[in-house]
Amino acid sequence: MPKSHNTLRKPKREYSSSRRIPAFPRTPSRSAAIADLAAAFGGAWEYAPAPETVKVAIAPRYGHFIGGQFVEPGEGAHFPTVNPANEAVLAEVAQGSEADVDHAVRAARAALPAWQALPATERAKYIFRISRRIQERARELAVLETMDGGKPIRESRDVDIPLAAAHFFYHAGWADKLDWVFGGGHRPVGVCGQIIPWNFPLLMAAWKLAPALACGNTVVLKPAETTPLTALRLAEILHEVELPPGVVNIVTGDGRTGAALVNHPGVDKIAFTGSTEVGKRIARAAAGTAKRLTLELGGKSPHIIFEDASLDQAVEGIIQGIYFNQGHVCCAGSRLLVQEGIHDEVVKRLKRRLATLRVGDPLDKNTDVGAINSRAQAETIRRYLDIGSREAECHVGGVLGQGLSTWKGEGPMPSAATNGSLKGFWCRPCLFTGVQPSAAIAREEIFGPVLAVTTFRTPEEAIQRANNTPYGLAAGVWTDKGSKVFEVAARLKAGVIWCNTYNMFDPAAPFGGYKESGFGREGGRQGLRAYVRTGGE
C-alpha cells in the first residue's frame with residue numbers, strides 16, 4: 001500500500017496472543033473502538049507518515065496584481081509571509097500603500113464600463129473558467145493554502161478548495177438570471193473593495209469575488225497579511241482565463257492597506273470579513289459616505305445538546321464544530337451547552353475523542369489539528385488559556401504527531417516560546433468544564449481550539465443562555481425530536497443554525513450574522529443583493 005495512505009503500524013510493544021482484548025461496547029464510536037484496542041495492546045497505535053508529495057513553486061518575491069499584471073509596490077516595501085508550522089519564510093510580499101490602492105481603484109474604475117456592458121452570458125463564461133481552473137489546480141492550491149495558513153492538508157484539499165470552486169461555479173449560473181430576481185432595472189454597484197481574513201483565504205476570496213463579478217462589478221481585493229499566497233495564485237488564474245484587465249485587482253499589505261481601501265473615495269462598496277473590533281472601525285469610517293457596507297464579523301456560537309440527542313453523532317458534531325481548522329472559524333461552536341442529565345457522559349466521550357486528535361505537521365494527511373496561524377494569534381490563545389484556567393477546569397487532549405512528539409513542555413501550548421528546539425505555533429485541543437456564563441472564555445471570541453462547556457436544565461434555559469451574547473453568527477441544535485429542533489431554532493438569535501450537524505456550507509445557502517456578528521449575507525440569492533442597485537438607488 002502506498003505510503004500516502006493513512007496506514008497503521010503495528011504497536012512497538014510486543015504482546016501475547018493470550019492477552020484478553022476487552023469487549024467493545026454495544027454501540028461504539030470508531031475512535032472509542034480504536035482507543036480500547038490500543039489500550040489492550042499496551043500502547044497507542046502509531047500512524048505511518050503520510051506527507052503530501054505535491055511540490056509547489058513559490059516565487060521569492062511578489063508584487064500587486066493591478067490592471068491584469070503584477071506590478072511592484074510604489075514605495076518598494078515588502079514583508080515576509082511565513083509557514084506557521086516551522087516559521088520558514090515562504091516569500092516576500094508587497095506592502096500596499098495609499099498610492100498602490102489608488103492605482104488599483106483607478107484600474108477597477110476604468111474596467112467597469114466594459115465589464116458591466118458585457119453580455120451576462122459572457123461574464124458567466126469567465127466566472128465558469130475561473131471555477132474550472134481552480135479545480136484543475138486544486139492540489140497545488142491546497143498545498144499552498146496549508147503551507148501559508150497552517151491548516152491540515154485534508155481540510156484544504158477536501159473543504160476549502162472544492163468550496164471555492166463551487167462558489168464560482170454557482171455564481172456563474174446566476175450571471176444571466178439576475179432579471180428574474182431583481183427585475184429589469186438593476187445595475188452593478190460599481191467598484192467594490194473587499195477585505196478577507198486569514199482563516200479561509202481562498203474560500204473567502206471566492207465568497208466575495210464570485211457574486212461581485214456575476215453582478216457586473218469590478219473589484220479591489222485585499223487579502224490577509226499572514227495568508228496572501230493563494231490570493232496571488234488566484235491572480236495567476238485570472239490571467240490564465242484572460243479576465244479583462246482591471247476587473248479584479250489584488251493589493252497585499254497589512255491593516256494600513258485595508259484602511260486606505262476603506263477610505264478611498266473611489267470605492268462604492270466595502271465587504272469585510274474579520275474581527276468585530278476592526279469591523280466597528282470600518283463602520284465608523286463608512287458612516288456618512290455613500291459607500292455600501294457588508295460586515296461578517298466574529299462569533300461565540302452556542303452548540304446545544306439535548307438529552308434525547310444521539311450522543312455519538314453529537315460528539316462528532318462538537319469536535320467538527322470547534323476543532324476544525326484549529327478553531328480558526330468565526331462560526332465555531334465554542335460554547336457547548338449540555339443538558340444537565342447527560343453532562344458527565346458527554347464530557348467523558350468528548351475527552352476520549354479529544355485524545356485521538358492528532359496535532360502535527362499540517363502537510364501530513366494523518367493530522368487533525370495543524371498549526372496556529374501566527375505567533376500573535378498563538379499568544380492570544382495562550383492568554384485566554386491562562387484566564388480560563390483560573391475560571392474553570394481545563395482538559396487537554398490531542399496526540400502529538402510527527403515532529404512534535406519530542407515536545408516535553410507542560411500545558412496545551414508547545415511553541416518556540418516554550419521550547420527553543422521546536423519551531424512553529426501550536427496549541428493542543430482542549431476543553432473547559434465548570435464554566436460560568438459570565439466567564440471570559442464563555443463570552444469572548446478566542447479563535448482557537450478551546451471549548452467552554454456549560455449546562456442547562458430546560459429548553460427555555462438553553463435558549464436564554466444561547467442568546468446571552470453580544471454575537472449572533474451561528475448556532476447548533478442536537479435532538480431527536482423534530483418539533484424541538486424547529487421550536488428552539490426559531491428562537492435562537494443567530495444568522496445560521498445547524499440542526500443535528502455543524503459547519504456545513506453550501507454556495508446556495510446565505511451566510512451572515514446579527515448584532516456584533518455583522519450584517520449582510522454572502523451566498524445564495526440573498527448574497528447577490530449587496531452587489532446590485534435597483535430602482536432609484
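Sequential numbering from 1 along the given sequence is applied to the chain's residues.
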Pairs where residues 199-226 contributes a residue and the test salt bridge (charged side-chain N to carboxylate O under 4.0 Å, His left out) is met, not counting sequence neighbours: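 For residues 199-226: Lys208-Glu522.
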
Salt bridge (charged side-chain N to carboxylate O under 4.0 Å, His left out) contacts in which one or both residues fall within residues 281-292, not counting sequence neighbours: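 For residues 281-292, and leaving out neighbouring residues, the salt bridge (charged side-chain N to carboxylate O under 4.0 Å, His left out) pairs sorted by first residue read Glu277-Arg281, Arg292-Glu537.
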
Any pair counted as ring pair (Phe, Tyr, Trp, His ring centres under 6.0 Å), so long as it reaches residues 115-160, sequence neighbours left out: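 Those involving residues 115-160 are Trp115-Tyr126, Phe128-Phe169.
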
Residue pairs fulfilling ring pair (Phe, Tyr, Trp, His ring centres under 6.0 Å) with at least one residue in residues 68-93, sequence neighbours excluded: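 Output for this query lists Phe65-Phe70.
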
Worked verdict on Arg106 versus Asp102 for salt bridge (Lys or Arg N to Asp or Glu O under 4.0 Å): CA-CA 6 Å; Arg106 290 179 183 276; Asp102 182 67; 2.8 Å; yes

Under 3.5 Å, is there a donor on one side chain and an acceptor on the other for [X] and [Y]?
X      : Y      : answer
Asp386 : Ser389 : no
Glu92  : Tyr62  : no
Glu445 : Ser334 : no
Thr226 : Ser374 : no
Ser517 : Lys300 : no

Test: Arg375 and Glu87 ion pair at under 4.0 Å: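 Yes, Arg375 and Glu87 are salt-bridged.
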
Listed partners of Pro470 passing side chain to side chain contact (heavy atoms under 4.5 Å, CB included), at least two apart: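 Arg443, Glu516.
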
Side chain to side chain contact (heavy atoms under 4.5 Å, CB included), paired with Trp426, selected from Ile372, Val369, Val359: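 Considering Ile372, Val369, Val359, a side chain to side chain contact (heavy atoms under 4.5 Å, CB included) with Trp426 is found only for Val359.
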
Lys515 to Tyr471, cation-pi by 6.0 Å centre distance and 45° axis angle: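 Lys515 over Tyr471 ring: no.
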
Qualifying residues under ring-ring contact (aromatic ring centres under 6.0 Å, His included), relative to Tyr514, sequence neighbours excluded: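 Checked Tyr514 against ring-ring contact (aromatic ring centres under 6.0 Å, His included); zero matches.
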
